Structures are given as C-alpha cells and as structure tokens.
Protein chains: 2
Amino acid sequence: MRKFKTEEVLEDAGLKKTVIRIKMLDFISASKTAVSQPDLEKIFGKIADRVTIYRILSAFEEKGIVHKIIDLHGTSRFALCNDKHCKEHDHHDEHIHFNCTECGNVTCLDNVHVPVIKLPKNYKAATFNMSVLGVCNDCTVK
Amino acid sequence: MRKFKTEEVLEDAGLKKTVIRIKMLDFISASKTAVSQPDLEKIFGKIADRVTIYRILSAFEEKGIVHKIIDLHGTSRFALCNDKHCKEHDHHDEHIHFNCTECGNVTCLDNVHVPVIKLPKNYKAATFNMSVLGVCNDCTVK
DNA sequence: TAACATGTGCAACCATGTTGCAACAATAAG
DNA sequence: CTTATTGTTGCAACATGGTTGCACATGTTA
C-alpha cells in the first residue's frame, strides 16, 4: 500500500538506528491495529527495559512517526501515522478508530471519512476523535 | 430541563441515602460537565475515603445513574445519564463528548445527533463514541 | 578507533484503579 | 429499646501505567 522503510524513517527523524527502535518500528508498522504499551512490553520486554520502550514510543510520537490513541480502557495505543495526517504537527486528527469488542484490537479506519457535525453555538471545534465499538473484520469472519 | 431528585434517584437504585452519596450525586448533577474522580477526591476527600468515592462512582455507574467517559488523557470522568440513553444497560451509547482545550472540561452534547458513518465490509458497529476537541461556550465567551 | 552525542537500564516515584477485611451505621425484627 | 441483619465505609495493601534522574553503554562521525 505505502512504502515504509524503517531505517529511512528513523534517519529522517534524526533518531539513531538502534536494534530496539528498528524492531519496535518494524513491529508497529507490520501491525494492522494500534498496539498498546503493555503489548509491546510483552514482546520486547526481554530485550529492552519498560522505560526504554516508553521513551521510544514518546520519541516516535514526537517525531510524528506514530500517533497515540487512548483506548476505551484509558490505556495508550500506538499506530503508524499516515503522511496525509502527520504533516500537521497536531496529532488529534481526523482519524476514526475502531475498537473491536471481541479481540480488543484498535484499528485506524483511514478510509472512512469523518462526518460533519453541527455544534451548539459558541462551541468551536478544533479536532475530532471518533471511535466506533463493534466487531472487526477478523472476528466477524471467524 | 429535567427533574432530578437526588434522594429519589438513590432510592430507585436501591442505594442507601448516605451523606456522601447524596452530596456526590448533587454535585455531579449540578455540574454541567463530566467530572473526574480526582476532581471529586479534591472536593470530597476530606469527608470520604478515596476508595469510597471510587466505589460510589462504580455503584452509580452500575445502577445507570451516571455514565463513565474516558477523556483524552485516559482518566475516567462521570456524568449524569439521560433517561433516553440509560434505559439500555449498555452505556457506550451515542453520546458526543466535547473536550475543551481551554478549561479541560468534558461536556455531553446530547442535543447533537450522531452522524451515520459507513464502515468497511465485515465491520459491525455496535456503538459509537465521539469526542470533539475544541473551545467550549464558556471559554469562547470569556 | 577515539570522542562525543545520544540511547538505555536501573531505581525510584506518582497517580489511578482495585480488592479484602474489619469496623461501622442504618434499618428491620423482636 | 435492643438486637440481628444488611449494606456502607475506612484502612491497608497491591497492580498497572506513566514519568524522571542519573550513571553507564552504544551508535555515529571524523
């Protein structure tokens, strides 16, 4: 769909290409759903410290490589940024996130357009954040 | 707008009318915005334990008196349920929440209708959860 | 490969969420 | 009015996620 060379991305962001960063970024980019920090800790916890993972995610977010989503349980999840969104430095952009109640995965639905809604008077909307709760493709098919 | 008698509500829910519960419910019902547990702790922390506040909120939620919202920082906020929504025991209902970036308040916009969105194939939406980030009425006027 | 800038691990801390248990208060029964 | 029952509260304790400081290790550049 979209070319994505891990090492290039890190280089462009001015981040050193360390083993953990490359692995984490590979993993996040391979994952179709937004991954949580606990997820990443389970996977990379043996080769990297919890704090390191935390800091790498923060760095990725700051550089616009990934964006952060707060899921329905209040924990952070991370997903790759799409170019179109991440040109702006504001990352509360017009994504729609789909929370699957079966598998718990959070998916970015980039191809679903955000509807226009009308706000009460004197309310000024800056950005939208919409999440849909339901059953995702994988769990429907199973 | 809507009649709301604190003590009746507690009675209907089968909860004993204790001082703290009445005060908390009064406070939540008087508040136009969704209040966080930390907020409530600051206010009621001297007359009630942190755990008590937590349990009262859980009880309120379970009985359908209030509903819980996870705000953009991942902390829980609570707001009164409207009758129309809370007849269903599923509380992830079609509310739209407005997060004000100035004052940090979260407001339920009940009078704003939830738009219909089209999902990719095999995605089954159960409920929606939309939040809008911007500047609220109060902060616009100021 | 040496020097420097950056990245990492460890320890520690804070906030929120959560449970178990004992003490306590309110209500109903005698 | 006193006791039994039930539900409510406070305390202590723990789990998890987020966050910082500092010393040490590593990647990068010359």
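Below, read A as the first sequence line, B as the second, and so on, with proteins coming before strands; counting in each chain starts at 1. Please read all numbers here as calculations on a predicted model, not as lab measurements.
Here C/dT16 presents its P atom at 18 Å from CZ of B/R55, a figure rounded to the nearest Å. Going from atom CG of A/L15 over to atom C1' of C/dT6 covers 10 Å, rounded to whole Å. Nucleotide C/dA15 holds its C1' atom 15 Å from the CZ atom of B/R77, rounded to whole Å. Note: NZ (A/K23) to C1' (C/dG7) measures 16 Å, nearest angstrom. Residue B/K68 contributes atom NZ, which lies 11 Å from atom C1' of C/dT16 at whole-angstrom precision. For the pair A/E41 CD and C/dC10 P, the interatomic distance rounds to 14 Å; values are reported in whole Å. One can place CD of A/E11 at 15 Å from P of C/dT6, the figure rounded to the nearest angstrom. Rounded to whole Å, the distance from CG on A/L10 to C1' on C/dT6 is 14 Å.
For B/K16 against C/dA25, no side-chain N or O and base N or O form a donor-acceptor pair under 3.5 Å.
OP1 or OP2 of C/dT8 has at least one side-chain nitrogen or oxygen of A/R21 nearer than 4.0 Å. Remark: B/Y54 is in phosphate contact with C/dT18, judged by side-chain N or O atoms under 4.0 Å from OP1 or OP2.
Between B/S76 and B/I70 there is a side-chain heavy-atom pair separated by less than 4.5 Å. A/L25 is listed as a side-chain neighbour of A/I65, based on a closest heavy-atom distance under 4.5 Å.
For the contact set between residues 43-52 of chain A and DNA chain C, defined by any heavy atom under 4.0 Å, the members are A/I47, A/A48, A/D49, A/R50, A/V51, A/T52.
Here A/S58 lies out of heavy-atom contact (under 4.0 Å) with every strand.
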Can you give each donor-acceptor pair under 3.5 Å made by side-chain atoms of residues 41-60 of chain B, sequence neighbours left out, with the distance rounded to 0.1 Å?
residue: B/E41; atom: OE2; partner: B/Q37; partner atom: NE2; Å: 3.3
residue: B/D49; atom: OD2; partner: B/V51; partner atom: N; Å: 2.9
residue: B/S58; atom: OG; partner: B/Y54; partner atom: O; Å: 2.9

Check residues 15-22 of chain B and write down every donor-acceptor pair under 3.5 Å in which the side-chain atom is one partner and the other belongs to a residue at least two apart or another chain.
residue: B/K17; atom: NZ; partner: B/E11; partner atom: OE1; Å: 3.2
residue: B/T18; atom: OG1; partner: B/R21; partner atom: N; Å: 3.4
residue: B/R21; atom: NH1; partner: B/K16; partner atom: O; Å: 3.2

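Along DNA chain D, the stretch of nucleotides lying under 4.0 Å from any heavy atom of chain B spans, 5' to 3', D/dT6 to D/dA13.
Distance check, rounded to the nearest 0.5 Å: CD of A/E7 to CG of A/D12 gives 12.0 Å.
The end-to-end axis angle of the helix from C/dT1-D/dA30 to C/dG30-D/dC1, rounded to 10 degrees and based on five pairs per end, is 20°.
Without hydrogens or angle criteria, A/R77 side chain to A/A34 main chain gives a donor-acceptor distance under 3.5 Å. Judged by distance alone, with hydrogens and angles left aside, the side-chain atoms of B/D39 form a donor-acceptor pair with the main-chain N or O of B/S36 at under 3.5 Å.
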Query raised in the report: Can you check side chain to side chain contact (heavy atoms under 4.5 Å, CB included) on B/I69 and B/F78, steps first, answer last?
Result: CA-CA 6 Å; B/I69 311 158; B/F78 298 86; over 6 Å; no
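Residues satisfying the side chain to side chain donor-acceptor pair (under 3.5 Å) test with B/S31, not counting sequence neighbours, are none.
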